[in-house]
Amino acid sequence: MTIIVLFFAQAREYAGMSSAVLELPEPSRVSDALAALGHAHPSLERLWPHLAIALDGQLVSPDTLIHAGAELALLPPVSGG
Amino acid sequence: MTIIVLFFAQAREYAGMSSAVLELPEPSRVSDALAALGHAHPSLERLWPHLAIALDGQLVSPDTLIHAGAELALLPPVSGG
Amino acid sequence: MLLVAELVHATIDSKRLTAEAARPDCGAIVLFLGTTRDHHDGRRVTRLSYEAYEPMALAALEKIEHAAVERFEVTSCRIVHRLGEVPLAEASVAVVVVATHRGPAFDACRFAMDELKRAVPIWKKEHFAEGGEGWVEGTKLGS
Amino acid sequence: MLLVAELVHATIDSKRLTAEAARPDCGAIVLFLGTTRDHHDGRRVTRLSYEAYEPMALAALEKIEHAAVERFEVTSCRIVHRLGEVPLAEASVAVVVVATHRGPAFDACRFAMDELKRAVPIWKKEHFAEGGEGWVEGTKLGS
């Protein structure tokens, strides 16, 4: 299956892109997607401890199952205002 | 001596005027001025317990001495904002 | 020019106040607008009007502005009060506080409004829909 | 139409916000403007820019608006955040709260800003006078 990945702020800069399509085996969890992303973009790995992950706009934990066509967003610490 | 008296809000309505010149013997205190005003405008007397009095823009007590040409203001409870 | 109390007889221009207040070294602006209400103690109000002992009111407003800057970590506090008739839902008073951080800005703005209600010779009169009018019950100055 | 979060890419029109917020049955409007600062941790800042995960940020802002109205005695809470480059001393965020009385209006406005800093996917980048740039150290979402 494929999902869409959105990279924001530092994650966007480290990955060198703001979005990408990611191919994943079925079933996959959020942690599997992160492992694949870290493999493709090793510079992202130092962000892992600080990132929140959203799946279709909702914060999720690493063991959440991903469905085909999902939108996965990498969200560094926020600083609005 | 003469002083100027300013009436505000309810004091203005009860007195039927916004300002007046008041003739007072020398020396006079604020309490003397109020007594003279109460005599001229008996309807003002029900305001006495609620009034603050300013002399030349400063809050004063009834025993304060008045100088010639002073500006005495009758200030009902305030409600700005 | 940071502390400039004003009494005005027309619409309070809050956009001008916040624009004049903004500073590149400060991150927070808090604007309070007190707006005229169409009811009070269950009676419908159709008009409001304000009067002031202007020289003393200006001095009292300036004193509040200075006190706000002295008591709180804020850069400026400015108060504008409207006098005469104020149409319903329009601002009768504006307080603008500028600060590096927002916490003190909120505190100082609230302080300024509390003081304004207590210590400034301004009076509000309400005109009622059912007829009649009345001065709003207030606070004795100096108490 | 009382709760309308917005993300904008141009000047925040605070006059429109307060004008739209004013209601004849409410006496208090509190407007908070967060303005961009020319320094941070001792470094001079020349430019600031913001980015957001827009759909999720809008949902988070709306959630804050609703929470403010539920927790405090206020009539409405509206949040507008600017994105992209924001010149120094201009507003990056505006929160407008309307209430019958001013106490809850101040409380709700402060609550909304605290929540906004904590729970909305928006990021601020500073560009420094000495060269270089950096994302402002923030808060992990969901923490």
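Proteins get letters first, then strands, A, B, ... in listed order; numbering begins at 1 in each.
In this structure, D/Arg47 and D/Glu85 have side chains that are in contact, with non-hydrogen atoms separated by less than 4.5 Å. When side chains are defined from C-beta on, D/Phe111 does not count as touching D/Val95, because their heavy atoms never get closer than 4.5 Å. The side-chain heavy atoms of D/Met113 and D/Val93, taken from C-beta on, include a pair separated by under 4.5 Å.
Of the two parts of C/Ser92, neither the backbone nor the side chain holds a non-hydrogen atom closer than 4.5 Å to a non-hydrogen atom of chain D. Only the side chain of C/Thr18 comes within contact range of chain D, with at least one heavy atom under 4.5 Å from a heavy atom of that chain. Interface remark: C/His40 contributes no atoms to any contact with chain D (heavy atom separation under 4.5 Å). Of the atoms belonging to C/Asp13, it is side-chain heavy atoms, and not backbone ones, that fall under 4.5 Å from chain D. Only the side chain of D/Ser14 comes within contact range of chain C, with at least one heavy atom under 4.5 Å from a heavy atom of that chain.
Salt-bridge check for D/Arg102 with C/Asp114: passed, with a basic side-chain N closer than 4.0 Å to an acidic carboxylate O. Under the 4.0 Å criterion applied to side-chain N and carboxylate O atoms, C/Glu126 and C/Arg43 are not assigned as salt-bridge partners. A salt bridge links C/Glu90 and C/Arg82; the closest N-O separation between the charged side-chain nitrogens and carboxylate oxygens is under 4.0 Å.
Of all the heavy atoms in D/Leu61 and D/Ala5, the pair that sits closest is CB-CB, 3.6 Å.
When the candidates D/Lys15, D/Arg37, D/Arg16 are compared by the number of heavy-atom contacts under 4.5 Å with chain C, D/Arg37 comes out ahead. Chosen from D/Thr100, D/Val97, D/Val98, the residue pairing most often with chain C at heavy-atom distances under 4.5 Å is D/Thr100. Your options are D/Ala94, D/Ala21, D/Ala28, D/Ala91, and the one with the most heavy-atom pairs under 4.5 Å with chain C is D/Ala28. Interface remark: of the candidates D/Pro87, D/Ala105, D/Cys26, D/Cys26 forms the most heavy-atom pairs closer than 4.5 Å to chain C. Chain C forms more heavy-atom pairs under 4.5 Å with one residue of D/Gly27, D/Ala22, D/Ala89, D/Ala19 than with any other, namely D/Gly27.
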